[in-house]
Amino acid sequence: MSRRVDLLIVGAGPAGLSAAVMARRHGLDVLVVDEQPAPGGQIWRNIEAVSGTPRAAILGKAYGDGIDVVRRFRTSGARYEPGTRVWQVEPGPRAYMTRNGTASCIEAGCLLLATGAQERPAPFPGWTLPGVMTVGAAQIALKSSGQIPSGPVWIAGCGPLPLLYAAQLLKAGGRIAGFLDTTPPGRMTAALPKLSAAAFAVPFDLLKGMGWLAAVRRRVPYVPRVTEIEAIGGDAVERLRYVTADGRSATVAAHLLLVHEGLVPTIHPTLALDCLHVWNPDQDCFMPQLDGWGETSEPGVFVAGDGAGIGGAAAACLRGEIAALRIAARTGRLSDAGAAAVAEPIRTRLRRALAIRPFLDRLFRPRADLFVPVDRTIACRCEEVNVASIRAQAAAGRPGPNQVKAFTRAGMGPCQGRQCNYTVAHVLAATEGRTVPDVGLYRVRPPWKPVTLSELAALDTTDMA
Amino acid sequence: MFEKLRNPEGRPITVFVDGTPVMAEANESAAAVLLRQGPVWARTTPVSGARRAPYCMMGVCYDCLATVDGVPSVQTCLTPVREGMRIDRQLGRRSVAS
């Protein structure tokens, strides 16, 4: 049952696909596994089916461009196993996964985790009600299923994605009841010193973003400086309450509320491997500590793409190529000097692709009180543990996230802390007078995706001794 | 809660949501189908019995869990629909026997 490959890539988004193409160019035996049914990751989801259709025009050029990368991947000779869930990685590196209800194990010369990002969990009262979704979720529904909200939708958040989706939705004929901008006052002032570097490197991206904002402000009721939101309802959202920085409060009818407060790297795999992580104060998140090639503190395990820190699709492709070059050198297909020489112009392009980030990070830095929600807010969606319960634990001693997990069950549900890890860390830090990097996150234990006993029973590891 | 754009590109198929036949497009996810069936929800929670609906659509929130073709706690956002698929909203904790 256990197989061996030169390079196992987890994730078929921009970083994973680009790494596979580069590694194949140097003759490596490459296997790419991915949870989705088709290549592209979240940004280019369903691109093979959508490319060339009217929906591609709605989604825009940055989406449509993905088809070139996907086509190069399809002809690269890399093996591709979609619909695969990886649920454990070990030093070796060795990875355990499930596909079509059967578990298997793969031994890899090197492992590249190209697992991307998730939307930052941003709890508020009522965020678990049906009718509250993330902006990313609604955009996925448009990409993968060609569907839009059937009634006027409220969009609340901070970041490029809510503006982009609002612009796409208007183009698709959708209706927006209102746009609640949660970007705090003063962010433009903070971001301005970084504007010239961004404008010099990627002027087109900046113009695009300004175009989205202009379209939203012109065509949609736009409420700036929103500081609080609450979804109200019984079995589903019925009303939405919001408060602005100047103290204005309103309660409005709402059936669908889309929220977004930025992205954070997916770090479950590297946490499970006990890799070293660092706190990124500009993006308010942890990320794995990496060398200049994307290698973690665990030998042979690399991270590329947004999992290495939020950088966007263009940067993800380049980071994937750089990691693949180092991995090719590891297997002897390329000298170290050769890899460095090929990587040099890619690094130049990477610096250019990342030049807009300091500006975006400052402009769209979430408001501080987003991280420590009011007491009645559910922190852990799975086990329905509210912020007050976590605060009460902190008052009883100086527990870390793992103690809170043991006492309250927060983080023990099926999502395994993906939606509450940062909230628990922030609430503990605030209550105990510590910092989030000091408090840290839950320990991640395998399997980090739910696995059934029958899947496990099918796992044959007899040849691995 | 959601509706298809006027020009769907895929091939129409039939799936069953709690036994009711509904139209779907090949290759879309079971969660995407649930988003078109009002009232929209996928499961109730094991703790309080509250309704939950797909929230993230990308496999990280687990609120779209439902019973698919008799298998409980399936992440419907990661499950492409097939002709005749049975999607049943899940009530509370999954049963070990089923």
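All values reported here derive from a predicted model rather than from experimental measurement. Any value given below was found using the heavy atoms of this structure, including those in side chains, with hydrogens, waters and symmetry copies removed. Numbers restart at 1 for each chain; the letters A, B, ... are given by sequence-line order, proteins then strands.
For B:E28 and B:K4, the salt-bridge test passes: some basic side-chain N is under 4.0 Å from an acidic carboxylate O.
Using a 4.5 Å cut-off between heavy atoms, A:V135 does not touch chain B at all. With a 4.5 Å cut-off on non-hydrogen atoms, B:V60 touches chain A through its backbone and its side chain both. Of the atoms belonging to A:S144, it is backbone heavy atoms, and not side-chain ones, that fall under 4.5 Å from chain B. Interface residue A:A172: backbone and side-chain heavy atoms are both found under 4.5 Å from chain B. With a 4.5 angstrom heavy-atom cutoff, A:R85 touches chain B only via side-chain atoms. A:P37 touches chain B through its side chain: at least one heavy atom from C-beta onward sits under 4.5 Å away, while N, CA, C and O do not.
Contact of the B:L65 side chain with the B:Q75 side chain is registered, since non-hydrogen atoms from C-beta on lie closer than 4.5 Å. The closest side-chain heavy-atom distance from A:V259 to A:W127 is not below 4.5 Å. Looking only at side-chain heavy atoms (C-beta outward), B:T14 and B:E83 come within less than 4.5 Å of each other. Residues B:L5 and A:I58 are in side-chain contact: their nearest non-hydrogen atoms beyond the backbone lie under 4.5 Å apart. Between A:E35 and A:K449, the closest side-chain pair of non-hydrogen atoms falls below 4.5 Å. With a 4.5 Å cut-off on side-chain heavy atoms, A:T408 and A:E383 do not count as touching. Side-chain atoms of A:P265 and A:D306, non-hydrogen and from C-beta on, never get closer than 4.5 Å to each other.
For A:N386, the CG atom sits in a packed shell: over 12 heavy atoms of surrounding residues, nucleotides or ligands are nearer than 6.0 Å.
A donor-acceptor pair shorter than 3.5 Å cannot be found between the side chains of B:E3 and A:S150. Counted by atom type alone, B:S73 and B:Q90 present one or more donor-acceptor pairs between their side chains at under 3.5 Å.
Considering only heavy-atom pairs separated by less than 4.5 Å from chain A, the leading option among B:N27, B:V40, B:D63 is B:D63. Chain A forms more heavy-atom pairs under 4.5 Å with one residue of B:S48, B:G59, B:C77 than with any other, namely B:S48. Counting heavy-atom pairs closer than 4.5 Å to chain B, the top-ranked of the candidates A:P130, A:G413, A:A236 is A:P130. Top candidate by heavy-atom pairs under 4.5 Å with chain B, chosen from A:L258, A:T452, A:I148, A:L453, is A:I148. Annotation: maximal heavy-atom pairing with chain B below 4.5 Å, among A:R45, A:E119, A:H255, occurs at A:R45. With respect to chain B, the highest number of heavy-atom pairs below 4.5 Å among A:G174, A:S145, A:G234 belongs to A:S145.
Ring geometry for A:W448 versus A:H268: interplanar angle over 60°, hence perpendicular rather than tilted (30 to 60°).
The stretch residues 30-39 of chain B places B:A32, B:L35, B:R36 near chain A, each with some heavy atom under 4.5 Å from a heavy atom of that chain.
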